[in-house]
Number of protein chains: 2
Amino acid sequence: MAVRMKDIARDLGLSVVTVSKVLRDHPDIGPETRERVLKRMKELNYRPNLAARALVTGRSHIVGLVVPDLLHPFFAEVAKGLSSVFHTKGYNLVISSSEEDAELEQQEIEQLLARQVDAVLVASSQWSVESFRRIEEQKTPYILIDRKFAGLRSNFVGVDDERVGALATEHLIEVGCRTIAHVGGPQVSTAVGRLFGYRHALMRRGVAVSPDYIVEREQRATDASGYQAMVQLLGLDPRPDGVFCYNDPTAIGVMKAILDAGLRIPEDVAVVGCGNARYADFLRVPLTSVDQQSEAIGDRAARLALSVIEAKTPQRPATVLLEPRLIVRESSRRPKPA
Amino acid sequence: MAVRMKDIARDLGLSVVTVSKVLRDHPDIGPETRERVLKRMKELNYRPNLAARALVTGRSHIVGLVVPDLLHPFFAEVAKGLSSVFHTKGYNLVISSSEEDAELEQQEIEQLLARQVDAVLVASSQWSVESFRRIEEQKTPYILIDRKFAGLRSNFVGVDDERVGALATEHLIEVGCRTIAHVGGPQVSTAVGRLFGYRHALMRRGVAVSPDYIVEREQRATDASGYQAMVQLLGLDPRPDGVFCYNDPTAIGVMKAILDAGLRIPEDVAVVGCGNARYADFLRVPLTSVDQQSEAIGDRAARLALSVIEAKTPQRPATVLLEPRLIVRESSRRPKPA
DNA sequence: TTGAAAGCGGTACCAA
DNA sequence: TTGGTACCGCTTTCAA
């Protein structure tokens, strides 16, 4: 059905080996032979069977990516960055979504390992590191993206999440907020880091933190869960006058709850999100957000993956920590207090 | 390095064939032997080499997806739908982005064919059907998503784009718009269909259409290009009082241009987008949009792909045409004219 | 410069 | 019920 080297070799009275060498630009091949082979390849529209090549070389030229949610713009941007770097190097990207579910993630990773991917990139929803031990056994390189694990010496590319929390919180303090709430995310390193940064910033500035003003959630961080969390926070006395949200979808829900309650943003409550989603600028109230450098993360992760794959000897794990940046928009733009 | 069948067979004094049969639940295997093999597989954490299996069976259990833009929420949603169906059936999805570039798309498709994917799903940016002839030669099933070709008998899953244009335009007429503009997309079937539906609806209702009010663009349909198009339209006399936009990102740019000009939405200009992006509800002015059923498209396309892959004999091309739905929000909500 | 043989890790077919 | 043999399409090694 498909054209094989064998067919070309037969047509030209050559051996398969010769054809194979031409394909891979092997030096010792007669110029005339090379031409004939190349010509015939064009004619027959030959495409090497990458699966067969992978089997013998042990390199599939496939990289696996597991993210919690493809719809989340942050991960979509990372995927896009990865995909463009890999394309130029002849790698393909198998993308799978774990739906923020640890067990599903395990399955996806197993599946990828069985596929003999050359590396696995994961924004993990696990709380244990067991999956990663399995990857290590297989000697497949892996890189954690966005979310990391304290006890795991591994490659990591992401932003400094404590800085994220600190940037957002300090900004809220600076614009005059005194009762600053936090709507957190799932139990992963990013949420923990941002919460820590938030707490730390408040303490450093001598602003009181009451646990009542911190809403952590089991569920996924979406606009629906953000809405619900904010409704709860607005029931407190005094009500918060600033909110730092785990991510932008959460912040959108939070803002909706505030407006639905008849309050103004930022006059009554200032809001800061995280992720700097593309549409943040066009929202009902344009959203101040901490940029996570999604494109840079994709780019750096792809480069790191390639260097690890191409290294002859095992590399020691590298950490790429990018600086987050605060993008101020209307949702927190208030005159600074006197 | 990795555990192979050979290792398990040796350990247990069995043949590779027997191990292989156990793995695939072949009926004629002694229950005791089966247990021993299964036990050893667990112990060694055996994972079958899918690349090897693919080579001999001719089925890779990989499906390729090519989209113009992973960041576009519509395609992200489709990808997510696909990915979840395929996961449950043991297939993986290789996703690549063509960046709305026909040549890049060709390359990506070639790459996927070389990978021996079992099917290719494409939301194409081509204007010619040559790539698809190549796919046909290879006898790899393919399914067009969202965008189709007039002269090509192929599988297709998408919405009825003329209905999209008609729904949007009729709605604008009904809320009293008299000078209805259209900001179009790139030269692909969706843009053509929507434009046609728009024209047709205007004619049917006896509303004049001047070509001046139709802005078509070479470039990608983004918020930036939408902004630019709307600035141009606002320079016309009379200025449009309704705009139907090719997609939601475009509509966002259009709305920004309107607001920047000091006009009100929907009182001065009503706006309708297309795609019903998740965030449409939370925009500065919540956006009326035609829902393209992205999730359903992903789901149906995945099912169609599986049925074609699993069919013994070549199937005749199927077309799945979903009905678009208009979601009315504030950007076009005006009292109906008397 | 060219090619024969071996083998990558599985599966299919048929014989024992 | 079990296993020997051939082979999927390609690369590697080494000899001609």
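Heavy-atom basis, side chains included; hydrogens, waters and symmetry copies ignored. Numbered from 1 within each chain, the chains take letters A, B, ... in sequence-line order. Since this is a predicted model, take the numbers as computed values, not measurements.
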(message) Please determine whether a side-chain nitrogen or oxygen atom of A:Arg4 lies at a distance below 4.0 Å from atom OP1 or OP2 of D:dC10.
(response) no

(message) Do B:Ser97 and B:Glu99 pair up side chain to side chain, a donor and an acceptor below 3.5 Å, judged on atom types alone?
(response) yes

(request) Check whether any side-chain N or O of A:Ser20 sits under 4.0 Å from OP1 or OP2 of D:dT11, and answer yes or no. (result) yes

(request) Return the value, rounded to whole Å, for the distance between atom NE2 of A:His26 and atom P of D:dT13. (result) 10 Å

(message) Looking at A:Gln116, is its backbone amide N or carbonyl O close enough to the side chain of A:Ser60 to form a donor-acceptor pair, meaning the two atoms are under 3.5 Å apart?
(response) yes

(request) Only pairs at least two apart or in different chains count here, so list each ring-ring contact (aromatic ring centres under 6.0 Å, His included) that has a residue in residues 85-120 of chain A. (result) A:His61-A:Tyr91

(message) Distance alone, cut at 3.5 Å: any donor-acceptor contact between the side chains of A:Arg300 and A:Gln293?
(response) no

(request) Could you tell me the separation between the NZ atom of A:Lys6 and the P atom of D:dC10, rounded to a whole number of Å? (result) 9 Å

(request) Would you list the pairs meeting salt bridge (charged side-chain N to carboxylate O under 4.0 Å, His left out) in which at least one residue belongs to residues 13-28 of chain A, sequence neighbours left out? (result) A:Asp25-A:Arg34

(message) Just the rounded figure in Å: distance from P of C:dG9 to CD of A:Gln116.
(response) 9 Å

(message) Tell me the interatomic distance from B:Leu12, atom CG, to D:dT2, atom C1', rounded to whole angstroms.
(response) 14 Å

(message) Side chain of A:Val17, heavy atoms from C-beta onward: which of D:dG3, D:dC10, C:dA5 has the nearest atom to it?
(response) C:dA5

(request) Specify the residues of residues 35-62 of chain A, ordered by number, for which at least one heavy atom lies under 4.0 angstrom from an atom of DNA chain C. (result) A:Leu55, A:Val56

(request) Please state whether the phosphate of C:dT2, meaning OP1 or OP2, lies under 4.0 angstrom from any side-chain nitrogen or oxygen of A:Thr33. (result) yes

(request) Grab the CG-P distance between A:Asp7 and D:dC10 for me, whole Å please. (result) 9 Å

(request) Check whether any side-chain N or O of B:Thr18 sits under 4.0 Å from OP1 or OP2 of D:dT2, and answer yes or no. (result) no

(message) What is the distance, to the nearest angstrom, from the CE atom on A:Met5 to the P atom on C:dT2?
(response) 15 Å

(request) Name the residue closer to the 5' end of DNA chain D, choosing between A:Val3 and B:Asp28 according to the nucleotide with the nearest heavy atom. (result) B:Asp28

(message) Closest approach to the side chain of A:Ser15, judged atom by atom: which nucleotide of D:dT1, C:dG3, C:dC14 is it?
(response) C:dG3

(request) Starting from P on C:dT11, measure out to CD1 on B:Ile8 and report it in whole angstrom. (result) 12 Å

(request) Could you state the atom-to-atom distance from CZ of B:Arg24 to P of C:dG9 in whole Å? (result) 17 Å

(message) By the definition side chain to side chain contact (heavy atoms under 4.5 Å, CB included), identify the one residue from A:Val122, A:Val67, A:Val66, A:Leu65 that meets it with A:Ile145.
(response) A:Leu65

(request) Give the C-alpha distance, both sets of side-chain angles, the deciding distance and a yes or no for salt bridge (charged side-chain N to carboxylate O under 4.0 Å, His left out) between A:Asp69 and B:Lys80. (result) CA-CA 8 Å; A:Asp69 183 3; B:Lys80 184 173 179 163; 3.1 Å; yes

